[in-house]
Colleague: 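Pasting in a structure now, in C-alpha cells, and then I'll have a few things to ask.
Order of the sequence lines fixes the chain letters, A, B, ..., with proteins taken first and strands second; residue numbering starts at 1 for each chain.
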Amino acid sequence: MVKEVVVRFGDRLQPSPARFKRLMRGRTVISVERRAKLLRLRLSGGWNLFVHLKMTGRLLLKRSGSIPTKHTHLVFRLSGRRELHWEDVRKFGYMKALPDAQAETWLAGQDFGPEPLRTGFTWRSFAMCLRNHPKAQIKPLLLRQDCIAGIGNIYATEALWSARIHPLRRVERLSDKDLRRLHRAVTSVLRRAVKAGGTSADDYLDIFGEEGGFVPQLKVYGREGRKCRRCRGLLRKMRIGGRGTVICPTCQKKG
DNA sequence: CGTTAGCCCTGCTGGC
DNA sequence: TGCCAGCAGGGCTAAC
C-alpha cells in the first residue's frame, strides 16, 4: 500500500506532482503487466500506473529510509517498511497515471504490434507484419514497436546475427525461409534473455538491484573487433538509423 | 502515406 | 586529480 509519494524530479510525471501524490496515496498494486516496453501497474480503485524506463530507468524495491541517489526521481513509501524508488540518469523515462477507461484508450493509441512471446505469434504472423513494409530495411523495422512490440537494439542485433541476416536487407529481399529463421531467432533470444534475468550491458537492474545474466550469452552486441563465435571472422560495428549495430560480415551477407 | 535526422539528458570512455 | 568528442539498451517530433 502506498503511504506517501516523495517527488524529487516531477517533470516526467503525469499528472502534475501534487495531483499524482494525492492520487497514489492509499492504493495497492493489484498486478504488474507489460505491453511492448511499457509497464502497467494495475492499482486499486480502478487506476493504472504506466511506467516507461527507456534506457537508464530502474525501479528498485528498498527498505524504508533508503537514501535516494542523485538520479532518484521519486520514492513510493510503502507499507511493510518498504519503498519503491524510481531512478533514471538520463531522464528519458516517464510515469503516467490513468483511470481504467482512459488507460485503455491511451494504450490503444500507442499502436503496438504483436507480442513476440505470446502464443499465437507464429512465423506466419511475424512474416505478415514484416511484409507490410516490403521496402523497409529489416533492422530499423524490428525496432518499430508498431510492427513487432518489445524488441530493442540489443535483441534486434543478436537475432539478426543468429538468423544470418544483414541488418540493411530489405524485407522484399528476404525469403520465407529467412523470415522463419528470424522468427525463431527473435523468440529464442528474447526467451533466453528473460530466463537469464535480462541484459545488464549498461544500466539495467531488476527490482532487487540485481544485474541480469544475459551478457555472457551475447554473441555480437558489445563484441565488435572480436571473433565471431560461429565462423571466427572479425565482428564489425556499423551505425544504422543512428543506432549501433554489430554484425559478422561473413555470416551476414547483404546479398 | 513512409523514412530519416534531431532531440530529450547525463555520464563514461577513448583519443589526444 | 585534463579536455573534449562521441556514444549509450528509446522513442517522439519535425522535416523531407
Colleague: With distance as the sole criterion, is a donor-acceptor pair present between the side chains of T199(A) and Y155(A) under 3.5 Å?
Modeller: yes

Colleague: Give the nucleotide from the list dG11(C), dT3(B), dC12(C) with an atom nearest to the side chain of A136(A).
Modeller: dT3(B)

Colleague: Compare side-chain N and O positions of H52(A) against OP1 and OP2 of dG10(C) and report whether any pair is under 4.0 Å apart.
Modeller: no

Colleague: Once you measure the plane-to-plane angle for W106(A) and Y94(A), does it fall in the parallel (<30°), tilted (30-60°) or perpendicular (>60°) bin?
Modeller: perpendicular

Colleague: Can you check whether K135(A) has a side-chain N or O nearer than 4.0 Å to OP1 or OP2 of dG2(B)?
Modeller: no

Colleague: Just to be sure I follow the notation: if a pair is Watson-Crick (purine N1 to pyrimidine N3 plus N6-O4 or O6-N4) or a G-U wobble (N1-O2 and O6-N3), each under 3.5 Å, what dot-bracket string does DNA chain C give, with | for pairs to another strand?
Modeller: .|||||||.|||||||

Colleague: Kindly determine whether K237(A) and T245(A) satisfy side chain to side chain donor-acceptor pair (under 3.5 Å), including the steps that lead there.
Modeller: CA-CA 6 Å; K237(A) 185 156 185 176; T245(A) 306; over 6 Å; no

Colleague: So if I apply the side chain to side chain contact (heavy atoms under 4.5 Å, CB included) rule between V2(A) and each of L49(A), L78(A), L43(A), which one comes out positive?
Modeller: L78(A)

Colleague: Establish, with yes or no, whether the OP1 or OP2 oxygen of dG11(C) is under 4.0 angstrom from a side-chain nitrogen or oxygen of Q145(A).
Modeller: yes

Colleague: Measuring centre to centre across the rings, with the benzene-like ring taken for any Trp, is H183(A) within less than 6.0 Å of F121(A)?
Modeller: yes

Colleague: Okay, side chain of R77(A), backbone of V5(A): is any donor-acceptor separation there less than 3.5 Å?
Modeller: no

Colleague: Can K96(A) and N48(A) be said to form a side chain to side chain donor-acceptor pair (under 3.5 Å), step by step?
Modeller: CA-CA 8 Å; K96(A) 190 182 183 74; N48(A) 300 266; over 6 Å; no

Colleague: Say you pick atom P in dA5(C) and the same atom in dC7(B); how far apart are they, in whole Å?
Modeller: 16 Å

Colleague: Between R63(A) and E83(A) (salt bridge meaning N to carboxylate O under 4.0 Å), is one present in this structure?
Modeller: no

Colleague: Write down the distance between CZ (R239(A)) and C1' (dG6(B)), rounded to a whole number of angstrom.
Modeller: 13 Å

Colleague: Please verify the inter-ring angle class for H73(A) with W86(A); under 30° counts as parallel, over 60° as perpendicular, anything in between as tilted.
Modeller: tilted

Colleague: Between C1' on dG11(C) and CG on L39(A), what's the gap in Å once rounded to a whole number?
Modeller: 16 Å

Colleague: Scan T199(A) against the nucleic acid and name what it touches under 4.0 Å (heavy atoms): base, sugar-phosphate only, or nothing.
Modeller: base

Colleague: Just how far, in rounded Å, is C1' of dG11(C) from CZ of F50(A)?
Modeller: 17 Å

Colleague: Going by number, which of residues 151-162 of chain A have a non-hydrogen atom under 4.0 Å from DNA chain C?
Modeller: G152(A), N153(A), I154(A)

Colleague: Looking at dG11(C) and F92(A): do their rings stack (centroid distance under 5.5 Å, interplanar angle under 30°)?
Modeller: no

Colleague: When all nucleic acid strands are considered with a 4.0 Å heavy-atom cut-off, which category describes G244(A): base, sugar-phosphate, or nothing?
Modeller: sugar-phosphate

Colleague: Please tell me which of the listed nucleotides, dA8(C), dC9(B), dG11(C), lies nearest to the side chain of K237(A)?
Modeller: dA8(C)

Colleague: In sequence, state the C-alpha distance, the side-chain angles, and the governing distance for K91(A) and D11(A), and then conclude on salt bridge (charged side-chain N to carboxylate O under 4.0 Å, His left out).
Modeller: CA-CA 9 Å; K91(A) 299 185 168 73; D11(A) 47 330; over 6 Å; no

Colleague: Taking OP1 and OP2 of dG11(C), is either one under 4.0 Å from a side-chain nitrogen or oxygen of R144(A)?
Modeller: no

Colleague: Want to settle it: does T245(A) or K54(A) sit nearer the 5' end of DNA chain C, counting the closest nucleotide to each?
Modeller: T245(A)

Colleague: Would you say the side-chain atoms of S66(A) pair up with the backbone N or O of K62(A), donor to acceptor, closer than 3.5 Å?
Modeller: no

Colleague: One thing to verify: whether E87(A) and R58(A) come together as a salt bridge, which I'm taking to mean a side-chain N less than 4.0 angstrom from a carboxylate O.
Modeller: yes

Colleague: Restricting both atoms to N or O, compile the protein contacts to nucleotides 10-13 of chain B shorter than 3.5 Å, with distance only.
Modeller:
{"from": "dG11(B)", "atom 1": "OP1", "to": "K70(A)", "atom 2": "NZ", "distance (Å)": "2.9"}
{"from": "dG11(B)", "atom 1": "OP1", "to": "H71(A)", "atom 2": "NE2", "distance (Å)": "3.0"}

Colleague: When the P atoms of dT13(C) and dC9(B) are considered, how many whole Å apart are they?
Modeller: 15 Å

